[in-house]
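The structure appears right after this line, and notes come after that.
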Amino acid sequence: MTDIFGLLKGKPGEPDYEKKGVIVQGITGSYGSLHAGKMLEYGTNIVAGVTPGKGGQTWNECVPIYNTMQEAVDATNAKISIIFVPAKFFLRAAKEALEAGIKLLVAIPEHVPIRDTMETLELANKKGAIVIGPNTPGIMIPELIKIGIMPPMPFKAGKIAVLSKSGTLLYEISDALTNAGFGQSITIGIGGDPINGTRLIDAFDMVKNIPDLEGMVVVGEIGGDSEEMLAQRIIDSGFNKPTVAYIAGRAAPKEKRMGHAGAIVMGNYGSAESKISMFNKANIPVAKRPAEVPVLLAGKMEKSD
Amino acid sequence: MQLLEFQAKELFREYGINLLKSISSTNIEEGRKHAKELGYPFVIKIQVPVGGRGKAGGIQKCQNDDEFELKYPQVMDLTIKGEKARAILLEKMADIKKELYLSLFLNRSKRCYTIIASAEGGVEIESVKNQIIKEVGLGEVSDELARQVAKEMRLEGNTAEQFVDTLKKLSKLTIEKEAELVEINPLAIMQDDSIMALDGKFVTDDNSNFRHPELQKYQEKTEIEEQAEKSGFSLVELDGDIAVVGNGAGLVMSTLDMLSDNGGKPACFLDVGGGATTESVYEALTLISKLNRVKGILVNLYGGIVKTTVVAEAFLKAYEDNLIDLPVFTRLKGTESDKAKEMLQGSRTNIFDSVEEAINAAVMGVKK
């Protein structure tokens with residue numbers, strides 16, 4: 001199992017404990033630049049940017065820019081990178097990062113061809129690296145580190161892990177949790193693509209053993225079978241922390257892609273019914289609306305007391 | 001994008017997969033010419049980008065001119081799962097001994113290409129029995145694996161050889177065109193033991209379109225969908241009367257669900273996307289104003305990266321230009337939402353604090 005907290009914040013005693021270095025690929029693009037700024041504001045330790053041809057310059061008078069990932073990694077020893085490049089160039093950027101020794105790659109671009117994602121994952125596997133995304137809002141430990149594009153307002157430090165396929169629903173539901181007094185220990189947006197570097201079960205494996213974890217929220221949507229696999233994994237692993245799910249797309253017509261590349265129901269494969277029934281089997285209540293999530297979670301917690 | 005059967009077969013032909021003679025037409029005059037060329041008996045098949053055609057009466061046998069004249073217009077008029085006929089395919093009748101199933105697809109959970117094959121085809125994939133499932137990785141299917149599948153299907157001699165050949169060609173096609181799914185169902189063993197693809201399904205990975213200009217001719221989008229794509233948002237037309245607008249696919253789907261739970265009928269799914277600007281939201285409202293059936297607009301926004309003021313501005317401009325005179329029910333939350341609400345004060349937009357209230361008002365509003 002990957003120690004995601006170890007990767008994100010390190011271990012006590014390490015010189016950069018709780019402020020692990022992050023490299024931003026595509027830092028001079030408008031999107032990359034905007035979000036590098038917002039991440040810095042949040043407290044993320046951005047140690048380098050990469051834009052081919054702009055090596056030697058400094059971004060925003062504080063972050064050194066390198067031409068290649070290898071140079072950036074050699075100079076900073078960073079193990080985390082976040083990619084902001086157009087989908088067409090994603091594969092090249094991702095390969096470069098993994099070859100340079102990146103262990104946690106956060107892939108923001110949407111519309112990445114599936115084949116390119118698969119090739120990236122094959123290489124990541126070989127290199128023992130984790131890929132979050134593509135098409136992810138990112139990953140964060142609230143009030144500590146944000147590697148992604150999520151707005152800061154919905155999130156508050158706490159003890160609930162939130163795993164989500166959808167970006168805006170991750171914000172919406174975290175907001176509802178925060179308002180109800182449920183802060184988050186970590187939130188992971190896995191992305192709405194058909195193939196994700198980190199699936200719901202992988203994300204679950206990353207968080208299930210956090211010592212002070214008090215509960216988990218899973219935000220799924222129609223398409224694929226990652227919710228079903230997760231429910232089975234929860235059953236098999238005997239995980240008994242209060243868990244609540246939400247599934248978007250009950251009213252979506254079959255065989256139509258609903259915005260996300262992965263959100264499509266073919267036959268019964270990927271249907272909301274199939275996911276809800278598996279969660280029921282795992283004794284996980286499924287909220288009908290985002291606002292119901294904290295209510296169900298509170299109910300679960302009462303029972304487990 | 002899912003190709004039509006005849007389009008999938010064009011690709012099959014290009015890769016040397018065995019097919020019966022077939023011709024597609026879009027009107028009966030054309031069809032009559034093709035009927036003569038092909039000769040009876042033949043099958044007429046509706047061309048729609050969804051499955052379940054047989055059950056819906058979209059596949060009919062024709063033995064003579066009378067049957068053709070009767071059935072062609074009937075099949076042409078069908079609507080299957082909301083899809084109207086794009087064309088009619090005429091195909092020679094086959095002398096079938098046995099029907100098989102064969103597909104190659106991108107396996108989401110295993111993250112590789114996967115073969116599903118069965119010696120019992122001809123039905124929808126869910127009911128295909130004795131499925132043989134083989135993971136292939138990212139490369140082409142090897143001779144060895146193809147032979148293994150043929151063996152497990154208990155195919156022998158010439159049939160087995162032809163099956164191996166078909167599977168290998170299918171795999172080459174899948175990889176070169178970056179398909180998400182290629183399916184032959186049924187793959188028929190004919191009386192002479194040859195193998196023929198009687199139907200074809202082909203789903204492209206639209207994200208790889210930029211590498212496949214040759215597939216562009218199959219792109220089929222309504223004018224409105226095309227415009228939506230150009231402006232950077234995502235729109236799916238539905239058949240209700242309340243247009244649903246939001247940011248983020250998950251949030252819009254969630255809004256559709258809640259609306260449907262409360263008795264409303266969505267007219268469209270419109271995700272303005274993470275990069276929404278006043279211009280692009282204005283463009284989205286222009287598209288909605290073109291959907292005749294819409295009686296109200298439900299807006300559910302969670303401003304994170306997207307500022308809610310950007311959306312408010314677009315609405316104000318739309319009112320100013322008399323673009324929309326429909327009632328609008330809005331829930332705004334997140335970045336600059338107080339300011340956005342202030343901007344919309346006194347406009348024709350009804351603002352609500354919770355999405356539930358906005359939905360209820362929308363459902364009541366369109367009933368009037």
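Residue numbering restarts at 1 for every chain, and letters A, B, ... go by the order of the sequence lines.
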Using non-hydrogen atoms and a 4.5 Å limit, figure out which bit of B:V50 sits close to chain A: side chain, backbone, both or neither.
both
Chain B heavy atoms under 4.5 Å from A:P154: which part of the residue, side chain, backbone, both or neither?
both
Against chain B, label A:M118 side chain, backbone, both or neither, depending on which of its atoms sit under 4.5 Å from a heavy atom there.
both
State, yes or no, whether a side-chain contact exists between A:Y246 and B:D257 at a heavy-atom distance under 4.5 Å.
yes
Which one, A:D175, A:N196, A:L121, A:D225, leads in non-hydrogen pairs under 4.5 Å with chain B?
A:D175
Do NZ/NE/NH1/NH2 and the carboxylate oxygens of B:D205 and A:R115 come within less than 4.0 Å?
no
With rounding to the nearest 0.5 angstrom, report the CD to CG distance, A:E172 to B:N300.
6.0 Å
Judged by atom type as modelled, is there a donor-acceptor pair below 3.5 Å linking the side chain of A:R199 to the main-chain atoms of B:S109?
yes
Interface moiety of B:S254 toward chain A, non-hydrogen atoms closer than 4.5 Å:
both
Using non-hydrogen atoms and a 4.5 Å limit, figure out which bit of B:V244 sits close to chain A: side chain, backbone, both or neither.
neither
Taking B:E83 first and then A:K256, would you say they form a salt bridge - that is, a charged N and a carboxylate O separated by under 4.0 Å?
yes
How close do B:E178 and A:P113 get, counting heavy atoms only, and between which atoms?
OE1-CB, 4.1 Å
Taking side chain as everything from C-beta outward and backbone as N, CA, C, O, which of these in A:A272 sits under 4.5 Å from a heavy atom of chain B? Side chain, backbone, both or neither.
neither
So which atom in B:P49 and which in A:E255 form the shortest heavy-atom distance, rounded to 0.1 Å?
O-OE1, 4.0 Å
Segment of A:P194 engaging chain B (4.5 angstrom heavy-atom cut-off)
both
Minimal non-hydrogen separation, A:H260 against B:G250, with atom names
CE1-N, 4.3 Å
Looking at every heavy atom in both B:E356 and A:A291, which two are closest together, and how far apart are they?
OE2-CB, 4.0 Å
Check: A:D116 and B:R211 side chains under 4.5 Å, non-hydrogen atoms:
yes
Contacting region of B:L251 [heavy-atom separation from chain A under 4.5 Å]:
both
Proximity breakdown for A:K88 and chain B, heavy-atom pairs closer than 4.5 Å
both
Does any backbone or side-chain atom of A:D202 lie under 4.5 Å from a heavy atom of chain B? Answer side chain, backbone, both or neither.
side chain
A:I114 versus chain B, the contacting section by heavy-atom distance below 4.5 Å
both
Check each atom of A:E221 against the heavy atoms of chain B and say whether the ones under 4.5 Å are side chain, backbone, both or neither.
side chain
One pair to check against side chain to side chain donor-acceptor pair (under 3.5 Å): A:T168 and B:N247. What are the steps and the verdict?
CA-CA 7 Å; A:T168 30; B:N247 60 329; 5.4 Å; no
